[in-house]
Amino acid sequence: MKLILVFFCSLLISLQLWAQGKYSNNWVMGRGNTYNYDFSNQQLAIFDTNYNFYFRPGSSCISDSFGSLKIVSDGFDILNRFGIAIEDGDTIVPYEIYKKEGGISGYSQSSIILPFSNDIYYVITPTASDFEVLNYWNVPNSGRSLFDLLLYHKVDMKLNGGAGKVVKKAVPLLENIKLSKTQMMACRHANGVDWWLLKQAHDTNLIYKFLITVDSIYSYSPQGFSEPHFTKWDIHGQSMFNQEGTKYATVCLGINQLFLADFDRCTAQLSNPRIVNLENHQLQAQDTTLDVSPRGLCFSPNGSFIYIVKGYNIFQYEWNEPDSTLAWYHIANLDTTWQLFQKWGNAYLGPDNKIYISNLGGLGMALSVINNPDVKGVGCGFCPKCFQFPKIGAGNPPCMPNYSLGADLPCWPLGTDD
């Protein structure tokens, strides 16, 4: 009997792992002219070309377990695959920031979608309260424009005949807390079902942690580190896990450093912190001014390299190489002339194990691609402007965790005796 139970448990885990690999199948991107890229057939289909949607750095999307596009979010609304707001999915953030930002989230990683069985999804959105916007954002020379809210929204896509409904909307996880406008990422719990959510505080290296299950969300004690001291310049930044979920890394615009730590998928504990001074390069060939403005990062599929995206330069960093002269490789400076360059943006790993890098301005017609990110140096195969869009408005890749990450047992609540 015990062998039969073990067999069926193994079969269920195998089926779960197969299904998890489909959630990142579609990427909805673009500003004004928006497109859905289906990685299964490598086709770029029109989502909208009537300037109804602007999927800026705060956007996210998810497919169902079979790989069909399911939910899209611009960070301020929750939409179905046709671009229509799901019931109660419009204006999921406070009114004043929605109005001020024009209903479009321009801050990276300001929405993320987490799937569960039975067609249940959680959408997480850090944002600013009406009080914060009215008393600071809208006041000239206030010297402050914070995010002070972390909200969750629970979506049941079985309701309304499969059209879905937001069954819990704008429920606070954090209130009156100074939060970074960027730097939020999730990692699958070691049980292979639930999710850990990590969110960076503002102007410090304090990390808030939550365990998200299909029925409840649990707040864990935040974990703080003395360095790096992230500054108030948090309008750009990115947090990421490696594909195994064992490493966590983050950068923020205001400080030219990388924070890297080990991550325990059972307990969410961060350990062995490292602070890495980022490699520098000039803004352009004719300028001696150094580019010290990190905006994004992404691990290679095998986890050996971290790709650092600054405003004007892209680097490859071999984090386990002790010799700093060998650890860094400068990949690219500008991808066009100084007058036309729109700065580099964020970086995300696609289901095809290529890294896609945006331009901050979003007014071009292409993303850039690192074709072989597991290869050191020039062999990584950087290809500027190689992911072509039919029209102007190429946007950012959507914010996505590693949906394909499975279980790593034994782990609480399963002990070794179980």
Short side-chain donor-acceptor distance under 3.5 Å, H236 and S108: no
Test ring-ring contact (aromatic ring centres under 6.0 Å, His included) applied to Y218 and Y220, step by step: CA-CA 6 Å; Y218 304 93; Y220 278 59; 7.6 Å; no
Just so I know, are the side chains of L150 and I124 near enough to count as touching, which here means a heavy-atom distance under 4.5 Å? yes
Can you confirm if the aromatic rings of F241 and Y248 lie within a centre distance of less than 6.0 Å? yes
Output yes when a side-chain donor or acceptor of K169 lies under 3.5 Å from a complementary backbone atom of Y152, and no otherwise. no
Closer than 3.5 angstrom, by distance alone: can the side chain of R31 be matched with the main-chain N or O of G361 as a donor-acceptor pair? yes
Nearest 0.5 Å please: distance from the CZ atom of F263 over to the CD1 atom of I207. 9.5 Å
Looking at F47 versus F53, is the centre-to-centre ring distance below 6.0 Å? yes
Walk me through whether D215 and T213 qualify under side chain to side chain donor-acceptor pair (under 3.5 Å). CA-CA 5 Å; D215 296 316; T213 73; 5.6 Å; no
Taking C-beta and beyond as the side chain, do Y403 and P115 meet within less than 4.5 Å on heavy atoms? yes
side-chain contact (heavy atoms from CB on, under 4.5 Å) assessment of I112 paired with M185: CA-CA 8 Å; I112 196 168; M185 186 43 65; 3.9 Å; yes
Determine the minimum heavy-atom distance between H189 and L211, stating which atoms define it. CD2-CD1, 3.5 Å
State whether the side chain of N402 and the backbone N or O of S404 hold a donor-acceptor pair below 3.5 Å, judged by distance alone. yes
Does Y208 have its ring centroid less than 6.0 Å away from the ring centroid of F210? no
Throw together a table of side-chain donor-acceptor distances under 3.5 angstrom for residues 66-73, partners on residues two or more places apart or in other chains.
from: K70; atom 1: NZ; to: D119; atom 2: OD2; distance (Å): 3.3
from: S73; atom 1: OG; to: G75; atom 2: N; distance (Å): 3.0
from: S73; atom 1: OG; to: D77; atom 2: O; distance (Å): 2.8

Ring centres of F341 and W344 under 6.0 Å apart? yes
Flag the pair Y329 / F305 as yes when their ring centroid distance falls below 6.0 Å, and as no otherwise. no
Determine, stepwise, if the pair S219 / K209 fulfils side-chain contact (heavy atoms from CB on, under 4.5 Å). CA-CA 6 Å; S219 176; K209 296 183 284 189; over 6 Å; no
Under 3.5 Å, is there a donor-acceptor pair between the D148 and S129 side chains? yes
Between the main-chain N or O of L146 and the side-chain N or O of W137, is there a donor-acceptor pair closer than 3.5 Å? yes
Does some side-chain heavy atom of Y348 sit less than 4.5 Å from a side-chain heavy atom of N396? no
Report yes or no: do E227 and N205 form a side-chain donor-acceptor pair below 3.5 Å? no
Would you say K376 has more than 12 foreign heavy atoms packed within less than 6.0 Å of its NZ? yes
Is the shortest side-chain heavy-atom distance between V251 and F259 below 4.5 Å? no
Hey, does Y121 have a side-chain heavy atom less than 4.5 Å from the side chain of I78? no
Less than 3.5 Å apart, any donor N or O on the side chain of S63 or N25 sitting next to an acceptor on the other? no
Which atom pair, heavy atoms only, marks the closest approach of T250 to Q183? OG1-NE2, 2.8 Å
Could you walk me through whether H229 and D203 pass the side-chain contact (heavy atoms from CB on, under 4.5 Å) check? CA-CA 7 Å; H229 188 89; D203 199 19; 3.4 Å; yes
Determine, for R56 against D74, whether the closest basic-nitrogen to carboxylate-oxygen distance falls under 4.0 angstrom. no
Does the side chain of V166 reach to within under 4.5 Å of the side chain of H153, using non-hydrogen atoms? yes
Would you mind reporting whether F116 and Y122 have side-chain heavy atoms less than 4.5 Å apart? yes
Among all residues two or more places apart in sequence or in another chain, which pass the ring pair (Phe, Tyr, Trp, His ring centres under 6.0 Å) test with W338? Y312
Report yes or no: is the cationic atom of R144 (NZ for Lys, CZ for Arg) under 6.0 Å from the centre of the six-membered ring of Y136, at an angle within 45° of the ring normal? yes
Determine whether the side chains of N277 and N256 contain a donor N or O and an acceptor N or O closer than 3.5 Å. no
Nearest-0.5 Å distance that lies between atom CD1 in I355 and atom CG in L349: 5.5 Å
Between K181 and D234, does any NZ, NE, NH1 or NH2 come within less than 4.0 Å of an OD or OE carboxylate oxygen? yes
Measure from the ring center of F147 to the ring center of Y107 and say whether it is less than 6.0 Å. yes
Distance-only criterion, 3.5 Å: show the donor-acceptor pairs between side-chain atoms of residues 87-96 and protein atoms not counting sequence neighbours.
from: E87; atom 1: OE1; to: N160; atom 2: ND2; distance (Å): 2.6
from: E96; atom 1: OE1; to: K99; atom 2: NZ; distance (Å): 3.4

State the NZ-CG distance between K247 and N320, to the nearest 0.5 angstrom. 7.0 Å
Smallest heavy-atom separation, N33 atom then Y51 atom, equals ND2-OH, 3.4 Å
Distance flag, aromatic centroids of W27 and Y356, threshold under 6.0 Å: yes
Nearest heavy-atom approach of N313 to H330 is OD1-NE2, 2.8 Å
Considering only heavy atoms from C-beta outward, does the side chain of S60 approach that of S111 to under 4.5 Å? yes
Exercise: do R265 and N191 side chains pair donor with acceptor under 3.5 Å: no
Could you check whether any side-chain N or O of T34 sits under 3.5 Å from a backbone N or O of D48, counting only pairs where one atom can act as donor and the other as acceptor? yes
State whether the number of non-hydrogen atoms from other residues, nucleotides or ligands found under 6.0 Å of K178 atom NZ is greater than 12. no
Would K343 and N359 count as having a side-chain donor-acceptor pair, cut-off 3.5 Å? no
Step by step, would you call L258 with L297 a side-chain contact (heavy atoms from CB on, under 4.5 Å)? CA-CA 9 Å; L258 163 73; L297 63 84; 3.8 Å; yes
Give me the atom names and distance for the closest heavy-atom approach of P384 to S368. CA-OG, 3.4 Å
Check A190 against C411 and note the closest heavy-atom contact, atom names and distance. CB-SG, 3.5 Å
